[in-house]
Peer 1: 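Pasting in a structure now, in structure tokens, and then I'll have a few things to ask.
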Amino acid sequence: MYVNYSYLRDRLYLVLLYRYNEKKLPSFSALAEECGFSRQTVAKRFKMLEDEEIAVPIGGRKYTFVDFLEEEDI
């Protein structure tokens, strides 16, 4: 199975994984400020994470994020 580890270099993914995993997400504007991106960039990258099933909704504005560092094949 191929796993795309390039997400480990993505600042948005790392912030989401380590600060907001299974917690209520702030607005895209707040995430943009925290990561140093524009709101539009955060929205685009977040949509990509959802499409690739890396950001999985668990209810409301809470998500769980795939943690590649815990995969068995590492």
Side-chain angles (χ1 to χ4, degrees):
M1 176 176 112
Y2 172 75
V3 179
N4 184 353
Y5 293 104
S6 67
Y7 287 109
L8 296 176
R9 294 184 307 240
D10 185 314
R11 188 178 319 154
L12 176 63
Y13 164 73
L14 293 173
V15 166
L16 291 169
L17 177 64
Y18 291 106
R19 295 203 59 193
Y20 300 106
N21 194 27
E22 298 184 3
K23 298 177 183 168
K24 184 178 177 186
L25 292 180
S27 68
F28 285 164
S29 296
L31 281 171
E33 188 173 315
E34 187 171 350
C35 294
F37 298 139
S38 70
R39 183 194 56 77
Q40 294 87 346
T41 298
V42 168
K44 185 189 315 181
R45 288 188 180 181
F46 192 84
K47 174 73 171 132
M48 183 182 66
L49 292 172
E50 284 183 310
D51 290 346
E52 295 188 19
E53 297 180 353
I54 294 169
V56 180
I58 58 174
R61 288 200 39 93
K62 291 184 179 181
Y63 283 76
T64 188
F65 301 95
V66 172
D67 186 349
F68 295 111
L69 297 176
E70 294 180 353
E71 294 289 326
E72 292 178 6
D73 61 346
I74 292 181

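All values below come from the heavy atoms of this structure, side chains included, with hydrogens, waters and symmetry mates left out.
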Peer 1: For residues 40-49, which residue pairs pass the salt bridge (Lys or Arg N to Asp or Glu O under 4.0 Å) check, not counting sequence neighbours?
Peer 2: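 Listed once each, the pairs are D10-R45, K47-D51.
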
Peer 1: Sequence neighbours left out, what pairs pass ring pair (Phe, Tyr, Trp, His ring centres under 6.0 Å) with at least one residue falling in residues 15-34?
Peer 2: F28-F46

Peer 1: Checking N21 now: which residues fulfil side chain to side chain donor-acceptor pair (under 3.5 Å) with it, not counting sequence neighbours?
Peer 2: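 Here the qualifying residues are T64.
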
Peer 1: What is the minimum heavy-atom distance between R39 and S29, and which atoms define it?
Peer 2: CD-OG, 3.4 Å

Peer 1: Mind checking the OH-CG spacing from Y13 to L49? Nearest 0.5 Å is all I need.
Peer 2: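 So the gap between those two atoms works out to 8.5 Å.
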
Peer 1: Could you report the tightest heavy-atom contact between V42 and F37, atom names first, then the distance?
Peer 2: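 In this case the closest contact between V42 and F37 is CG2-CB, 4.0 Å.
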
Peer 1: Can you sort out the partners of Q40 under side-chain contact (heavy atoms from CB on, under 4.5 Å), two or more places apart, ordered by chain and number?
Peer 2: S38

Peer 1: Can you tell me which residue pairs pass the salt bridge (Lys or Arg N to Asp or Glu O under 4.0 Å) test with a partner in residues 24-36, sequence neighbours excluded?
Peer 2: R19-E34

Peer 1: Taking the side chain as every heavy atom from C-beta outward, state whether L16 and L31 have any atom pair closer than 4.5 Å.
Peer 2: yes

Peer 1: Which side-chain N or O atoms in residues 56-63 pair as donor and acceptor under 3.5 Å with protein atoms at least two apart or in another chain?
Peer 2:
residue	atom	partner	partner atom	Å
R61	NE	L25	O	3.3
R61	NH2	P26	O	2.6
Y63	OH	E50	OE2	2.8

Peer 1: Between CG of D67 and CD1 of I54, what distance do you get to the nearest 0.5 Å?
Peer 2: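 The CD1 atom of I54 is 11.5 Å from CG of D67, to the nearest 0.5 Å.
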
